[in-house]
Amino acid sequence: MSNPFIEAIFVATVAGEPMKRVAEIDALAGVGLRGDHYARGEGYYAPSDVCEVTLIEGEVFDVIRTVHGIHVHNGEHRRNIVTRGLSLRDFPGKRLRVGEVLLEYERPRPPCGYVERLTEKGMTRALGEGAGICARVVTGGVLREGAEIQILEAPNVKPQRRLP
């Protein structure tokens, strides 16, 4: 089995418009992906529920096509990064290193009716639990399609209680 990698990268410059695939993009620490509408604080969920970067497993699309007959391509999933070779459900407490970029797991990104309104009937149900995660950009840099993904443990950020 090969190492996990970035299969595709998508951004939407304007909320509600189709996502565009890009070969590479700047990830900005504490902001998101350069040019993406959420990085500017705009979008369907802005400002209340913004993810700096969203990730989804490419394997989820294989299942959706096989089980539900729904073909997800060209960014209709509304997620920024499509991965291949790793299980994002196992990521609480983890970080991802992609070249110089460091991403940290923030929370799951469940599917919503908005995705279905932009795509086709059944998309929300088809995505189910495989709808991806939100991550924050800890260290910025360039993300590229095909780049290998390393899985790291996140540092323990909870303060330790000291005994007297």
Side-chain angles (χ1 to χ4, degrees), residues 1-27 32-39 42-46 48-99 101-137 142-152:
M1 183 173 172
S2 64
N3 293 328
F5 64 96
I6 293 178
E7 184 173 84
I9 303 169
F10 294 91
V11 293
T13 55
V14 177
E17 289 198 358
M19 296 189 85
K20 295 178 178 82
R21 188 170 180 172
V22 296
E24 64 179 43
I25 196 160
D26 291 327
L33 302 180
R34 185 183 307 280
D36 190 65
H37 63 292
Y38 279 114
E42 303 167 357
Y44 184 76
Y45 290 105
S48 62
D49 188 26
V50 174
C51 293
E52 290 180 14
V53 179
T54 52
L55 296 94
I56 191 165
E57 301 163 31
E59 291 84 355
V60 167
F61 305 133
D62 300 341
V63 171
I64 289 171
R65 183 180 56 253
T66 303
V67 174
H68 299 280
I70 295 175
H71 297 272
V72 182
H73 49 83
N74 299 324
E76 291 131 341
H77 43 74
R78 308 302 292 178
R79 301 298 183 254
N80 299 121
I81 298 174
V82 178
T83 65
R84 184 63 67 169
L86 65 109
S87 174
L88 295 172
R89 291 178 204 163
D90 300 333
F91 270 59
K94 306 278 188 202
R95 286 181 166 185
L96 302 175
R97 164 100 37 218
V98 185
V101 178
L102 184 61
L103 302 173
E104 186 170 76
Y105 174 92
E106 191 173 58
R107 65 187 183 277
R109 187 61 167 180
C112 65
Y114 181 66
V115 170
E116 190 163 306
R117 288 193 304 273
L118 291 176
T119 57
E120 63 181 285
K121 186 171 175 48
M123 179 68 79
T124 301
R125 184 174 58 90
L127 282 172
E129 291 299 315
I133 66 169
C134 294
R136 63 185 192 87
V137 182
V142 178
L143 292 171
R144 292 181 177 84
E145 285 188 357
E148 185 176 312
I149 299 170
Q150 296 176 311
I151 303 160
L152 310 170

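No hydrogens, no waters, no symmetry mates; every other heavy atom, side chains included, goes into these values.
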Under the salt bridge (Lys or Arg N to Asp or Glu O under 4.0 Å) test, residues paired with [X] that sit two or more places apart:
X	result
Glu106	none
Glu148	none
Arg65	Asp62

| task | Identify the heavy atoms of Leu103 and Val53 that sit nearest to each other, and give their distance. | result |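 Shortest heavy-atom contact: CD2-CG2, 4.4 Å.
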| request: Please name the pair of heavy atoms, one in Val98 and one in Ile149, separated by the smallest distance, quoted to 0.1 Å. | output: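 In this case the closest contact between Val98 and Ile149 is CG2-CG1, 3.9 Å.
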I'd like to check [X] versus [Y] (side-chain heavy atoms, cut-off strictly below 4.5 Å). Are they in contact?
X	Y	result
His37	Val14	no
Phe61	Val82	yes
Ile56	Ile81	no

| field | Candidate pair Leu143 and Leu33, rule side chain to side chain contact (heavy atoms under 4.5 Å, CB included), full reasoning | value | CA-CA 9 Å; Leu143 292 171; Leu33 302 180; 3.9 Å; yes
| task | Step by step, work out the salt bridge (Lys or Arg N to Asp or Glu O under 4.0 Å) result for Glu104 and Arg136. | result | CA-CA 5 Å; Glu104 186 170 76; Arg136 63 185 192 87; 2.9 Å; yes
Are the side chain of [X] and the backbone of [Y] linked by a donor-acceptor contact shorter than 3.5 Å?
X	Y	value
Glu57	Leu88	yes
Asn80	Val11	no
Glu59	Gly85	yes

| field | Criterion side chain to side chain contact (heavy atoms under 4.5 Å, CB included) on Arg21 and Glu145, from CA distance to verdict | value | CA-CA 10 Å; Arg21 188 170 180 172; Glu145 285 188 357; 2.7 Å; yes
Roughly how far apart are [X] [atom1] and [Y] [atom2], rounded to 0.5 Å?
X	Y	atom1	atom2	value
Tyr105	Leu55	OH	CG	11.5 Å
Leu102	Leu152	CG	CG	6.5 Å
Met19	Ile9	CE	CD1	11.0 Å
Leu96	Thr83	CG	OG1	8.5 Å

Can you name the residues that form a side-chain contact (heavy atoms from CB on, under 4.5 Å) with [X], not counting sequence neighbours?
X	result
Val63	Val67
Phe5	Glu7, Arg84
Thr13	Lys20

| Residues, nucleotides or ligands: over 12 heavy atoms within 6.0 Å of Arg97 CZ |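 It does: Arg97 CZ has more than 12 such atoms within range.
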